[in-house]
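Only one structure is covered here, and it is reproduced in the block below.
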2 protein chains.
Amino acid sequence: MRIGELAQKSGLTTSRIRFYERIGLLKAVDRRLNGYRTYSSQAVTILGLITTAQRAGFTLDEIRALLPSDLTHWDHAALTGALTRKVADIEALQVRLGQSKAQLLRLIEDIQARPEDMDCAANARRVLTNVLAKHTEDLTVTSDDVRLPDRTDRPLSLKPGAGRKVVSR
Amino acid sequence: MRIGELAQKSGLTTSRIRFYERIGLLKAVDRRLNGYRTYSSQAVTILGLITTAQRAGFTLDEIRALLPSDLTHWDHAALTGALTRKVADIEALQVRLGQSKAQLLRLIEDIQARPEDMDCAANARRVLTNVLAKHTEDLTVTSDDVRLPDRTDRPLSLKPGAGRKVVSR
DNA sequence: GCTAACGTTGAACATAAGTTCAGCGTCAAG
DNA sequence: CTTGACGCTGAACTTATGTTCAACGTTAGC
């Protein structure tokens, strides 16, 4: 089939399919004499796998490292290893999400719990102090701490090495 | 204080502080006659708030929209609204994380549950079919469905509008 | 033979949140 | 007076995941 049909069958755009080829992720492609790409029905499966893996939190680089050229011949060890690590990543993120959610809920309550006799400015200071309490602790500790406190100070997202970043320098 | 001291006190880099100023996020800055930036101790608080909000999943744009120029004068309604929406975003992501994790665990089990009498190729096909089952359903349904199935087909991350994307076109 | 739909390419653009760099100015100590 | 640390600017670069565009080639139907 040509690229348009593959796009339709896989639900991806043609630009995305060409992009995957360019970065070496989709190698199952041939060329007709006129230069048109041709795909077998395997390509649909591969694209399905790619988007499924993406949904599960794998980057395209990770997927490329795991996807074999022959779909019937996987690297079992690497695969289950990567899957297990991804589960751990997810669990770590779940923990952080729970903490963030709890902090937000506490904050919402705290804002609404302004004592009748307190003016807004004072309330703001009170809430502000509470919000920054944990962070400031971190800071004062960090300032002459040797082991970094695991970098929880970054946006919430499921990135490959989200936990243990080794700054090679 | 000058920028270096603020960087040290806030734990951010000077480039990051200048960047925040450039994008209009940190307005609490004055200039000496020599061109050097000067900050009050409020700036430390503001930077602390910014990184705390970032950790909780707010983008810099969102933070800019919520941060008042006067820390004692917040927009209560906008703030609690944003906080509540962020909690909802987190809950949505928690659900997706749970699903992804469950799928990965199922997949790991499935890979290891290869029947003794089945060769690797056949096992690969079996597992592959299972993995893609849900996705293929989605696809066949989507093809002539009116309401989009809520775009769960994208990487896991906590982005502002992660749930309900309105394509204005 | 024309037109519409499809295909090709390379390059540029988009986003978010910064970092890095070159080239220059300022300031305090020795 | 020199040196080193600190500061300034604007521009370019980074990462990941694509999209968009212009300019051109191919093919099928009429």
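Every heavy atom of this structure was used, including side-chain atoms; hydrogens, water molecules and symmetry mates were not. Residue numbers begin at 1 in each chain, while the letters A, B, ... track the order of the sequences.
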Give a yes/no on whether any side-chain N or O of [X] is located under 4.0 angstrom from OP1 or OP2 of [N].
{"X": "B:Thr13", "N": "C:dT19", "value": "yes"}
{"X": "B:Arg18", "N": "D:dC6", "value": "no"}
{"X": "B:Arg32", "N": "D:dC6", "value": "no"}
{"X": "B:Gln54", "N": "C:dG18", "value": "yes"}

Round to the nearest Å and state the distance from [X] atom [atom1] to [N] atom [atom2].
{"X": "B:Leu25", "N": "C:dA16", "atom1": "CG", "atom2": "P", "value": "14 Å"}
{"X": "A:Arg64", "N": "D:dA16", "atom1": "CZ", "atom2": "C1'", "value": "11 Å"}
{"X": "B:Ile63", "N": "C:dG18", "atom1": "CD1", "atom2": "P", "value": "9 Å"}
{"X": "B:Arg31", "N": "C:dT26", "atom1": "CZ", "atom2": "P", "value": "13 Å"}
{"X": "B:Phe58", "N": "C:dA16", "atom1": "CZ", "atom2": "C1'", "value": "17 Å"}
{"X": "A:Ile50", "N": "D:dA16", "atom1": "CD1", "atom2": "C1'", "value": "15 Å"}
{"X": "B:Glu21", "N": "D:dT9", "atom1": "CD", "atom2": "C1'", "value": "12 Å"}
{"X": "A:Ile23", "N": "D:dA16", "atom1": "CD1", "atom2": "C1'", "value": "9 Å"}

Name all pairs fulfilling the side-chain hydrogen bond (donor to acceptor under 3.5 Å, both in side chains) condition that reach into residues 76-85 of chain A, sequence neighbours left out, sorted by first residue then second.
->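 Applying side-chain hydrogen bond (donor to acceptor under 3.5 Å, both in side chains) to every pair that reaches into residues 76-85 of chain A, excluding sequence neighbours, yields nothing.
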Does any pair with a residue in residues 110-126 of chain A pass side-chain hydrogen bond (donor to acceptor under 3.5 Å, both in side chains), and if so which ones, sequence neighbours excluded?
->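 Output for this query lists A:Asp110-A:Arg126, A:Asp110-A:Asn130, A:Asn123-A:Arg126.
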Residue A:Arg37, side-chain heavy atoms: nucleotide from C:dA16, D:dT9, C:dT8 that is nearest |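 Looking only at heavy atoms from C-beta outward on A:Arg37, the closest nucleotide is C:dT8.
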Listed nucleotide nearest any side-chain atom of A:Phe19, set D:dT17, C:dA17, C:dT9 =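 Shortest atom-to-atom distance from the side chain points to D:dT17.
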Between atom NZ of B:Lys9 and atom CD of B:Glu5, what is the distance when rounded to the nearest 0.5 Å?
->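 The NZ atom of B:Lys9 sits 4.0 Å away from the CD atom of B:Glu5.
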Could you tell me which residues satisfy side chain to side chain donor-acceptor pair (under 3.5 Å) with A:Asp70, sequence neighbours excluded, listed by chain and number?
->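 With neighbours one apart ignored, the set is A:Thr72.
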Identify, with sequence neighbours excluded, every residue that meets side chain to side chain donor-acceptor pair (under 3.5 Å) alongside A:Tyr39.
->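 Not a single residue meets the side chain to side chain donor-acceptor pair (under 3.5 Å) criterion with A:Tyr39.
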With nearest nucleotides of DNA chain C determined for A:Arg22 and A:Tyr39 from heavy-atom distances, which residue corresponds to the more 5′ nucleotide?
->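 Here A:Tyr39 is the residue nearer the 5' end.
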Nearest nucleotide by nearest heavy atom, which residue falls closer to the 5' end of DNA chain C, B:Tyr20 or A:Ile3?
->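 The residue closer to the strand's 5' end, by nearest nucleotide, is A:Ile3.
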So, B:Ser15 versus B:Arg18: side-chain donor-acceptor pair below 3.5 Å or not?
->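 Side chains of B:Ser15 and B:Arg18: no pair found under 3.5 Å.
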Give the B/S/- string for nucleotides 22-29 of chain D, one per nucleotide from 5' to 3', where a protein heavy atom under 4.0 Å of the base yields B, of only the sugar-phosphate yields S, and otherwise -.
-> ---BBS--
Hey, can you pull the donor-acceptor pairs under 3.5 Å for the side chains in residues 23-37 of chain A, sequence neighbours left out?
from, atom 1, to, atom 2, distance (Å)
A:Arg31, NH1, A:Gly35, O, 2.8
A:Asn34, OD1, A:Tyr36, N, 2.9
A:Arg37, NE, A:Glu21, OE1, 2.6

